[in-house]
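Okay, structure first, notes after.
Nothing fancy with the numbering, it's 1 onward along the sequence.
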Amino acid sequence: MAEESLKKKYKSRSMAQETWRRLLQNKGAIFAMIFMVVLVGAAIASGFIFDYETDVIGQNMAEKLMAPCAQHWFGTDEYGRDLFARVIYGARYSLIIGCGSVMIGLVVGTILGSLAGFYGGIMDSLLMRANDILYSIPNIMIAVVIVSVLGTSTFNLLLALCVSCATSLSRIVRASVMTIRDQEYIEAAYAMGLPTWKIIIKHIIPNCLSPIIVQVTLLIGTTIISASSLSFLGIGVPAPAPEWGALLSAGRGHIRDASYMCIIPGLAIMLTVLALNLLGDGLRDALDPKLKK
């Protein structure tokens with residue numbers, strides 16, 4: 001009786017409900033979700049709370065290099081700009097670049113990985129060998145070349161970083177598709193006369209979502225670090241935009257007398273990437289059928 005009631009309990013839940021239940025059992029994932037909700041909410045609200053021209057990039061030399069205090073929670077920089085406003089507003093750039101480049105890479109990688117994994121043969125060889133060539137080049141180097149050719153802008157940086165995302169995701173999608181394409185329900189779909197494109201979209205890709213979702217959360221964190229690194233080098237988001245890497249670069253000249261200018265943006269990057277990694281680990285455990293509780 002106990003086993004039957006347990007089976008009925010699990011059958012009454014959808015896959016999404018069961019995944020959510022198991023995700024909430026992970027303390028690290030809960031912390032990550034709370035942090036990301038607060039960060040995204042603050043980034044959205046920053047456009048209404050702060051005036052970009054006066055609060056974010058406006059200079060006030062009378063208050064330059066002020067340590068964190070009640071008036072300026074994170075202190076001020078060498079131009080008297082409030083660091084709290086700049087860090088919160090800068091979250092917009094980091095999140096947009098991180099999420100945007102991963103989403104573009106997801107679309108491209110899913111298409112290429114699905115075609116390579118489903119058809120195999122020459123198409124698989126051509127697509128994967130080209131993918132291996134790009135994958136063997138460091139992400140930062142590819143981004144540096146693309147940004148140098150196209151010019152420094154937020155959009156060009158986003159496009160440059162999506163290349164590395166597409167190469168990573170296409171390999172994962174290909175591996176997932178290859179394990180699914182010979183299943184019986186795929187053969188049944190062919191027997192029903194469904195076209196190949198519909199089988200891929202309706203039956204194969206939805207069954208590859210678990211590893212893709214996990215990889216996407218991890219890639220967003222990696223992309224934020226890459227974007228910050230490029231901005232730190234001066235070829236990312238152009239000044240005076242308060243992107244976190246640019247804030248770190250501006251603060252390194254005052255690391256002795258105003259170390260908070262480096263510590264606070266660095267903590268913002270670290271905590272965001274940590275939260276995304278914890279969320280990715282939580283999703284991996286929640287979506288793994290072998291770890292059902």
Kindly give the heavy-atom pair with the smallest separation between [X] and [Y], and that separation in Å.
X      : Y      : result
Asn156 : Leu150 : ND2-O, 3.1 Å
Asn139 : Ser164 : OD1-CB, 3.3 Å
Ile212 : Leu106 : CG2-CD1, 3.4 Å
Val216 : Met103 : CG1-CE, 3.8 Å

Between the CD1 atom in Ile269 and the OG atom in Ser229, the distance rounded to the nearest 0.5 Å is 7.5 Å
Is Val147 reachable from Ile96 through a run of hydrophobic residues whose side-chain heavy atoms are each under 4.5 Å from the next? no
Identify whether Ile146 and Leu233 are in the same connected component of the hydrophobic contact network (ILVMFWY, side-chain heavy atoms under 4.5 Å).
->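 No, Ile146 does not connect to Leu233 through the hydrophobic network.
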For Ala32, the side chain to side chain contact (heavy atoms under 4.5 Å, CB included) test, sequence neighbours excluded, returns Ala275, Leu278, Leu279
_Starting from Leu126 and following side-chain heavy-atom contacts under 4.5 Å between hydrophobic residues (I, L, V, M, F, W, Y), which residues can be reached?_
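Cluster partners of Leu126: Ile122.
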- Task: Identify whether NZ of Lys or CZ of Arg in Arg252 sits under 6.0 Å from the centre of the six-membered ring of Phe232 and within 45° of that ring's axis.
- Result: yes
task = Tell me yes or no: between the side chains of Glu63 and Thr76, is some donor less than 3.5 Å from an acceptor?
result = no
* Please determine, by modelled atom types, if Ser170 and Asn131 share a side-chain donor-acceptor pair under 3.5 angstrom. =>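 Asn131 and Ser170 do have a side-chain donor-acceptor pair below 3.5 Å.
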Excluding sequence neighbours, so at least two apart, what forms ring-ring contact (aromatic ring centres under 6.0 Å, His included) with Tyr135?
->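 By the ring-ring contact (aromatic ring centres under 6.0 Å, His included) rule, Tyr135 matches no residue at all.
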Could you tell me how the ring of Tyr52 sits relative to the ring of Tyr89: parallel (under 30°), tilted (30 to 60°) or perpendicular (over 60°)?
-> tilted
Next on the checklist: Salt bridge check, Arg86 against Asp77: does any charged N sit closer than 4.0 Å to a carboxylate O?
Outcome noted: yes
